[in-house]
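Structure, as structure tokens:
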Amino acid sequence: MLRRILLAASRSARTRQLVTSARYTRDVVARYVAGHSAAEAAEVTRRLLDDGLLVTLDHLGEDTLHAGQAAAVTREYTGLVTRLAAAGLAWGGRAEVSVKPTAVGLGLAEHGEKTAAENIARICAAARDAGTTVTIDMEDHSTVEPTLRILGDLRGEFPDLGCVLQSSLRRTADDCAALAVPGSRVRLCKGAYAAPDGVAFPARREVDRSYARCLRLLMTGPGYPMIATHDPRLIRMTPVLAGLAGREPGSYEYQMLYGVRPAEQRRLARAGGQVRVYLPYGSDWYSYLVRRLAERPANLAFFLRSLASRG
Ligand code: FDA
């Protein structure tokens, strides 16, 4: 229930205004977000790479409503990968980028899917020139079909284009089976968006069980699984399933969010695992931050204080 309220708040303009102007906000934002600019994000990227971690950068923002704004977000990404390459951070995919389809046009009233596909193709071309890759984030359940269509259309030209699947959705085991093909890069997460019971599993237990089932499908397939979770049980399960599937440690990677379980990220990397940190940056952090708070009710005090005290 609390999670649903917070997820609704992540889309509320009024709550956004209250929280973004609150004085308590800055410290919490700094924990989860790498700064406002690409230059600041590149600096944090360098530190994470120096610590033996890999990185995927996300320019914050979603639900773009104008084609001009979608084009601007696309330019931000192409500029970002060029910057990462110039700084020697991108080669071999050490730092790659994650893109939300609605940030580059999927939700436009006209030609949204076409616009998003063209913009993602531009980002993929720049990433290829920079020696790195792109992963398409997965958003609200209503975007799954068009997002997977875009992936399918672009993989011919960009075979290393990755995507995200959400174990909270009932369809996802089938999607994992369909995407368990050579060269396929699939990031498996639980899912951060509310969805009706007919579409998603209502109980966390079921979402976790679905995650384990999907992880097994991806591990036994010929693709490159990206295990995006902070859940200790699923993390412990990962090398066991990889071993049963006869996989080497370099044939899959763990992924975690910047600011969440950082000690565990480094422990896994020191133990020889490949660990990629999802690193958001930019000023449009509100929806991202509230989704993080929804995952951790202990952070609710921050949210309530923000609403009660502005300035
Ligand atoms: P769960 O929420 O059950 O948490 C397990 C444990 O992790 C908690 O008990 C706690 O210890 C710790 N933890 C989790 N969240 C925390 C937080 N915010 N602060 C502090 N501790 C926390 N979702 C989506 O819908 N589309 C997407 O494209 C992506 N992309 C993505 C990339 C990467 C790299 C990650 C790690 C996650 C995503 N997600 C996502 C988000 C994902 O769907 C999910 O909401 C979060 O990862 C939280 O789920 P967990 O699997 O960590 O489990």
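All ligand and atom numbering here is 1-based and tracks the order in the structure.
T102 contributes a side-chain N or O that, together with a main-chain N or O of D63, makes up a donor-acceptor pair within less than 3.5 Å. Counting only distance, with no hydrogens or angles, the side chain of T238 and the backbone of L234 share a donor-acceptor pair below 3.5 Å. A donor-acceptor pair is defined here as one N or O able to donate and one able to accept, closer than 3.5 Å; no such pair exists between the side chain of S168 and the backbone of V207.
Atom numbering of ligand 1 starts at 1 in the shown order; those under 4.0 Å from a heavy atom of D137 are 28 (O). Near Y193, meaning under 4.0 Å from any of its heavy atoms, are these atoms of ligand 1: 24 (C), 25 (O). Near D231, the atoms of ligand 1 lying under 4.0 angstrom from a non-hydrogen atom of the residue are 5 (C). Listed by atom number, the atoms of ligand 1 under 4.0 Å from A192 heavy atoms are 23 (N), 24 (C), 25 (O), 43 (O), 45 (O). When each atom of ligand 1 is checked for a heavy atom of V164 under 4.0 Å away, the hits are 27 (C), 28 (O). Less than 4.0 angstrom separates some heavy atom of M256 from each of these atoms of ligand 1: 36 (C).
Counting heavy atoms only, L257 comes closest to atom 37 (C) of ligand 1 of the residues T135, I235, L257. Nearest residue to atom 1 (P) of ligand 1 from R291, K190, M138 is K190 (criterion: closest heavy atom). Comparing E253, E264, H230 by heavy-atom distance to atom 14 (C) of ligand 1, the nearest is H230. Taking each of Q166, R233, E295 in turn, the one with a heavy atom nearest to atom 48 (C) of ligand 1 proves to be E295.
Ligand 1 lies less than 4.0 angstrom from a heavy atom belonging to R204.
The OH atom of Y252 lies 9.0 Å from the CD atom of Q274; values are rounded to the nearest 0.5 Å.
By the 30° and 60° cut-offs, the orientation of the rings of Y288 relative to Y278 is parallel.
Here Y193 and H141 keep their ring centres 6.0 angstrom or further from each other.
At a 4.0 Å heavy-atom cut-off, ligand 1 does not touch Y211 at all. Using a 4.0 Å cut-off between heavy atoms, R276 makes no contact with ligand 1 at all. Only the side chain of R31 comes within 4.0 Å of ligand 1, counting heavy atoms alone; its backbone N, CA, C and O stay farther away.
R187 and S98 form a side-chain donor-acceptor contact under 3.5 Å, judged by distance and modelled atom types alone.
The distance criterion of under 3.5 Å between nitrogen or oxygen atoms is not met by E139 with respect to ligand 1. Taking any N or O of T229, backbone or side chain, at least one lies under 3.5 Å from an N or O belonging to ligand 1. The shortest N or O to N or O distance between V260 and ligand 1 is not below 3.5 Å.
F201 has its side chain within reach of S210: a pair of non-hydrogen atoms, C-beta onward, lies under 4.5 Å apart. Residues L53 and Y258 have side chains not in contact (no heavy-atom distance under 4.5 Å, counting atoms from C-beta outward).
The number of heavy-atom neighbours closer than 6.0 Å to CZ of R204, taken from other residues, nucleotides and ligands shown, is 12 or below.
Using a 4.0 Å cut-off between charged nitrogen and carboxylate oxygen, E206 and R213 do not count as a salt-bridge pair.
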